[in-house]
Amino acid sequence: MNIYDLPKALRHEGGLSRRLFLAYAASLSSIPLLSHYGSATTSHDLTKDPFTLGVASGDPDHESVILWTRLAPKPLEPGGGMPKTPVEVYWEIAEDNSFKKIVQSGKVNATPELGHSLHIEPRNLKPDHWYFYRFKSCDAVSPVGRTRTLPAPDASPDKLRFAVTSCQNFEQGLFTAYHQMAADKPDFVFHLGDYIYEYAGVNGKVRTHQGPETESLDQYRIRY
Ligand SMILES: [Fe+2]
């Protein structure tokens, strides 16, 4: 495969955004990542909800925002309880939370190489605009997420309220500041640090991380 075909192949593999491509490409150590190019499971025996980790969005600009989910019916097991095959996922983004005004949609493959995670990058959205998004796979439908694009580059908003947060340890914190942050309704949030650390779980904290010190990709996925 020509190196210049990699972005296209990776996009097909996991709906990977251009913004994330360089980060992933830098960490690629083997070509088998591409081995499932073109083949997806359209139906499989997912007896549990694959959207246990919900949905998320971030990294907006004035015409796009990254939409994320990860299929993991059993997120605390290696492989997330998913088959070791690509799984087809349908995504849609709409102007209303009942999805009567869908503005974009598509089908992508969630692959085991990326932990069946997806990073969808819709294009040509309206600036400074609220949107709703969701994913579907087999008979399951994800929770609906709400997201927003940035104002146009030449816009001059009357005000722009943003919050900054940095390193925190999920095992230790009560995170009450987030309640206030949500109440303050910022236009966007800069998150600059960690959510988790690699250390083994310690009893007696607010909550206890599962497992020993994380060393493998599977362990990190479970920790997240
Ligand atoms: Fe940190």
Side-chain angles (χ1 to χ4, degrees), residues 7-8 10-26 50-71 89-110 114 116-137 140-168 170 173 175-196 224:
K8 182 182 171 191
L10 278 166
R11 180 180 296 277
H12 183 91
E13 274 283 318
L16 198 66
S17 74
R18 283 192 298 280
R19 293 172 207 177
L20 290 172
F21 167 68
L22 289 177
Y24 275 112
F51 295 110
T52 60
L53 298 175
V55 301
S57 67
D59 197 14
D61 62 23
H62 64 287
E63 60 164 20
S64 182
V65 59
I66 304 297
L67 313 178
W68 176 94
T69 194
R70 181 180 166 221
L71 307 182
V89 179
Y90 181 73
W91 62 271
E92 49 194 15
I93 182 166
E95 298 211 35
D96 61 316
N97 63 1
S98 57
F99 289 83
K100 291 194 172 103
K101 297 181 190 168
I102 293 172
V103 293
Q104 280 180 56
S105 61
K107 272 184 196 167
V108 290
N109 292 342
L114 296 178
H116 292 98
S117 64
L118 293 169
H119 299 80
I120 306 296
E121 189 176 357
R123 307 300 309 180
N124 302 314
L125 301 178
K126 296 177 187 171
D128 196 10
H129 204 74
W130 287 104
Y131 288 97
F132 300 85
Y133 63 97
R134 66 184 176 187
F135 301 85
K136 299 175 182 175
S137 187
V141 183
S142 77
V144 173
R146 189 176 70 128
T147 191
R148 188 175 167 188
T149 51
L150 287 181
D154 59 354
S156 298
D158 291 337
K159 62 171 185 172
L160 199 62
R161 178 179 291 185
F162 64 94
V164 174
T165 179
S166 190
C167 290
Q168 54 213 276
F170 183 70
F175 306 118
T176 51
Y178 282 120
H179 185 77
Q180 185 64 49
M181 188 187 288
D184 288 343
K185 297 190 183 331
D187 292 300
F188 60 90
V189 177
F190 276 118
H191 193 293
L192 308 172
D194 304 294
Y195 289 107
I196 57 147
Y224 268 101

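Rounding to the nearest 0.5 Å gives a distance of 11.5 Å between CG of L71 and CG of L114. Between the CG atom in L192 and the SG atom in C167 there is a gap of 8.5 Å [rounded to 0.5 Å]. Between the CG atom of L118 and the CH2 atom of W68 there is a distance of 9.5 Å, given to the nearest 0.5 Å. To the nearest 0.5 Å, atom CG of residue N97 and atom CH2 of residue W130 are 12.5 Å apart. Between L150 atom CG and S64 atom OG the span is 10.5 Å, to the nearest 0.5 Å.
Within the 4.5 Å cutoff, the side chain of L160 has heavy atoms near those of the F188 side chain. A heavy-atom distance below 4.5 Å is found between the side chains of F135 and I120.
With sequence neighbours left out, the side chain to side chain contact (heavy atoms under 4.5 Å, CB included) criterion links T149 to L125, H129, Y131.
For K107 against W91, the heavy-atom pair with the smallest separation is N-NE1, 4.1 Å. The two residues S142 and V55 have their closest heavy-atom pair at OG-CG1, 3.6 Å. Residues S105 and E92 share a closest heavy-atom pair of CB-CB, 3.8 Å. Taking all atoms of both residues into account, the shortest heavy-atom contact from P151 to P157 is CG-CG, 4.0 Å. In terms of heavy-atom proximity, F162 sits nearest to P186 at CA-CB, 4.1 Å. Residues Y133 and S57 come closest through the heavy atom pair OH-N, 3.3 Å.
Not one N or O on the side chain of T147 forms a donor-acceptor pair closer than 3.5 Å with the backbone of F132. Judged by distance alone, with hydrogens and angles left aside, the side-chain atoms of Y90 form no donor-acceptor pair with the main-chain N or O of R134 at under 3.5 Å. The main-chain N or O of I102 is never found under 3.5 Å from a side-chain atom of Q104 such that the two would form a donor-acceptor pair.
Screening residues 62-71 for salt bridge (charged side-chain N to carboxylate O under 4.0 Å, His left out), with sequence neighbours left out, gives E63-R123. Applying the salt bridge (charged side-chain N to carboxylate O under 4.0 Å, His left out) test to every pair with at least one member in residues 141-160, sequence neighbours left out, gives these pairs: D128-R148, R148-D187.
When K126, K101, K100 are each tested for a salt bridge (charged side-chain N to carboxylate O under 4.0 Å, His left out) with E95, only one passes: K126.
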Under the side chain to side chain contact (heavy atoms under 4.5 Å, CB included) rule, what do Y224 and L53 come out as? Steps first, then yes or no, please.
CA-CA 10 Å; Y224 268 101; L53 298 175; over 6 Å; no
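Aromatic ring centres of F170 and Y195: separated by at least 6.0 Å.
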